[in-house]
Amino acid sequence: MDRVSNPYMTNQDWIDRGKNDAWAGKPKQVPEHDPQAASMYDLGYCEGETRRSPTRPKAKE
């Protein structure tokens with residue numbers, strides 16, 4: 001995992017991180033140190049793959 005996690009991240013934080021990674025087209029970066037966090041991240045990633053980001057990408061000029 002290339003980003004550092006902290007012990008204060010909630011389940012929702014992990015879900016959001018997973019969604020953001022999926023929306024950005026990044027490969028999964030599941031936290032290996034915490035099974036609960038890994039599960040929440042994976043849930044968010046899967047949801048992010050099936051739903052579009054709420055923000056629109058900037059138009060190319």
Are any side-chain N or O atoms of T50 and backbone N or O atoms of E47, one a donor and one an acceptor, separated by less than 3.5 Å? yes
Starting at CG of D42, measure out to CD1 of I15 and round the result to the nearest 0.5 Å. 11.0 Å
Side chains of Y41 and Q29: closer than 4.5 Å at any heavy-atom pair? yes
Between D21 and K28, does any side-chain N to carboxylate O distance fall below 4.0 Å? no
Approximate separation, where rounding is to 0.5 Å, of M9 CE and W14 CH2: 4.5 Å
One should read off an interatomic distance between M40 CE and T10 OG1, to the nearest 0.5 angstrom, of 10.5 Å
